[in-house]
2 protein chains.
Amino acid sequence: MSERSLAIGALAKATDTNVETIRYYERIGLLPEPKRTSANYRAYGQDELVRLSFIRRARELGFTIEQIRALLDLANSRDNDCCTVDALAQAHLAEIESKLSDLRALRRELRDLIGQCQRGKIADCQILAALSPR
Amino acid sequence: MSERSLAIGALAKATDTNVETIRYYERIGLLPEPKRTSANYRAYGQDELVRLSFIRRARELGFTIEQIRALLDLANSRDNDCCTVDALAQAHLAEIESKLSDLRALRRELRDLIGQCQRGKIADCQILAALSPR
DNA sequence: GATTGACCCCGTAGCAGCTACAGGGTGCAG
DNA sequence: CTGCACCCTGTAGCTGCTACGGGGTCAATC
């Protein structure tokens with residue numbers, strides 16, 4: 001691979017991404033098809049490194065692929081104002097808040113369940129009883 | 001359908017489950033294959049109603065299918081002590097705790113991001129900048 | 001008795017976001 | 001020149017459903 005380009009494995013290492021995942025992103029059009037070497041190996045440049053890093057970071061923050069697609073589109077229309085970006089982030093934050101409260105409710109129910117364990121026999125298990133219909 | 005048995009649609013209604021989901025549970029062996037009427041319709045009894053209610057309740061509490069399979073197996077060995085049930089529930093609780101703290105971290109990062117929006121042009125968008133590699 | 005509509009059957013494919021093969025080709029070090 | 005690490009494509013798998021397409025059945029109404 002030439003001085004200024006990365007093979008898929010190197011790109012993978014640099015972005016802490018699975019090789020298969022990179023090919024997957026290409027297949028779904030999230031990453032552009034890169035140049036190829038004479039041996040048909042993918043040859044990535046700095047642009048792709050930057051783009052993939054962005055994608056991975058956004059994934060870490062829990063943005064979906066479609067949200068990321070939108071963010072990347074927005075990032076390219078540099079004259080627009082950034083309210084749309086803010087709105088996307090806000091919407092995502094709202095989703096997270098709602099997941100958080102679901103999980104908190106769930107935790108409470110589970111804690112209640114577990115609190116009832118008296119280390120007896122299955123036949124008397126309060127956890128199973130609590131799960132069973134009344 | 002006879003007096004004491006339910007068609008799949010009735011079972012679905014009674015347990016607030018999608019008909020397709022019931023057939024899916026049967027396919028993966030979570031529900032047993034029920035008797036059939038002469039017209040080859042599934043005919044469910046009380047046992048299946050109870051079992052499916054249990055499954056749905058456990059799903060609501062976020063147990064995976066495999067965890068539920070284990071719980072159902074345990075429930076059938078009524079002489080064992082119920083520490084295993086407790087352990088399963090504890091493990092599930094631990095997973096929830098860890099998801100909760102991931103989500104809280106994520107929320108903080110997103111809030112920080114959003115706090116930086118100055119309603120300017122995309123070219124100066126701090127949110128996009130924060131997502132981009134350094 | 002024919003028609004309508006709501007129900008049932010089966011099998012398969014789709015969703016997200018990867019991951020993991022199988023069955024090959026390439027590049028380089030010893 | 002042999003071995004190994006890497007690369008290629010294409011397809012199937014994962015979880016937990018959901019949604020079809022193309023049929024059969026049942027009960028009521030006309």
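Keep in mind that this is a model prediction, so the values were computed, not measured. Chain letters run A, B, ... following the sequence lines, proteins first, then strands; residues in each count from 1.
- As a whole-Å value, the separation of B:Asn40 CG from C:dG11 P is 11 Å.
- One interatomic measurement links the two molecules: CD1 of A:Ile22 to C1' of C:dT19, which rounds to 14 Å at whole-angstrom precision.
- For DNA chain D, each stem of at least three Watson-Crick or G-U pairs (distances under 3.5 Å) is given as range with range: C:1-30 with D:1-30.
- Here the P atom of nucleotide C:dT12 and the CD1 atom of B:Ile28 are 18 Å apart, to the nearest Å.
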Show every donor-acceptor pair shorter than 3.5 Å between a side-chain atom in residues 25-36 of chain A and any protein atom, with sequence neighbours excluded, or say none if there are none.
unit_1: A:Tyr25; atom_1: OH; unit_2: A:Arg56; atom_2: NH1; d: 2.9
unit_1: A:Glu26; atom_1: OE1; unit_2: A:Arg42; atom_2: NE; d: 2.8
unit_1: A:Arg36; atom_1: NH1; unit_2: A:Asn40; atom_2: O; d: 2.9

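- Looking at every heavy atom in both residues, A:Thr15 comes nearest to A:Ser53 through CG2-OG, 3.9 Å.
- For CG of B:Asp16, the number of neighbouring non-hydrogen atoms (other residues, nucleotides, ligands) closer than 6.0 Å is 12 at most.
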Going by atom type alone, with no hydrogens or angles, which donor-acceptor pairs under 3.5 Å involve a side-chain atom of residues 109-116 of chain A and a protein atom two or more places apart or on another chain?
unit_1: A:Glu109; atom_1: OE1; unit_2: B:Arg57; atom_2: NH2; d: 2.7
unit_1: A:Arg111; atom_1: NH2; unit_2: B:Glu97; atom_2: OE2; d: 2.9

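- Every pair passing ring pair (Phe, Tyr, Trp, His ring centres under 6.0 Å) that includes a residue from residues 86-106 of chain A is listed here, sequence neighbours excluded: A:Phe63-A:His92.
- In this structure, B:Ile8 atom CD1 and C:dC10 atom C1' are separated by 12 Å, rounded to whole Å.
- B:Glu48 and B:Arg51 are not joined by a salt bridge, as no carboxylate oxygen comes within less than 4.0 angstrom of a charged side-chain nitrogen.
- In this structure, the CZ atom of B:Arg36 is 12 Å from the P atom of C:dC8, given to the nearest Å.
- Between A:Val19 and A:Gly9 the shortest heavy-atom distance is CG2-CA, 4.1 Å.
- When rounded to the nearest whole Å, the span between CD of A:Glu26 and C1' of C:dC18 equals 15 Å.
- A sub-4.0 Å separation between OP1 or OP2 of D:dC7 and a side-chain N or O of A:Arg42 is absent.
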List the protein contact pattern of nucleotides 13-25 of chain D with one symbol per nucleotide (5' to 3'): B for base contact, S for sugar-phosphate-only contact, - for none; contact means a heavy-atom distance under 4.0 Å.
---BBBBB---BB
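- Applying the side chain to side chain donor-acceptor pair (under 3.5 Å) rule to B:Arg59 yields no partners; only residues at least two apart in sequence or on another chain are considered.
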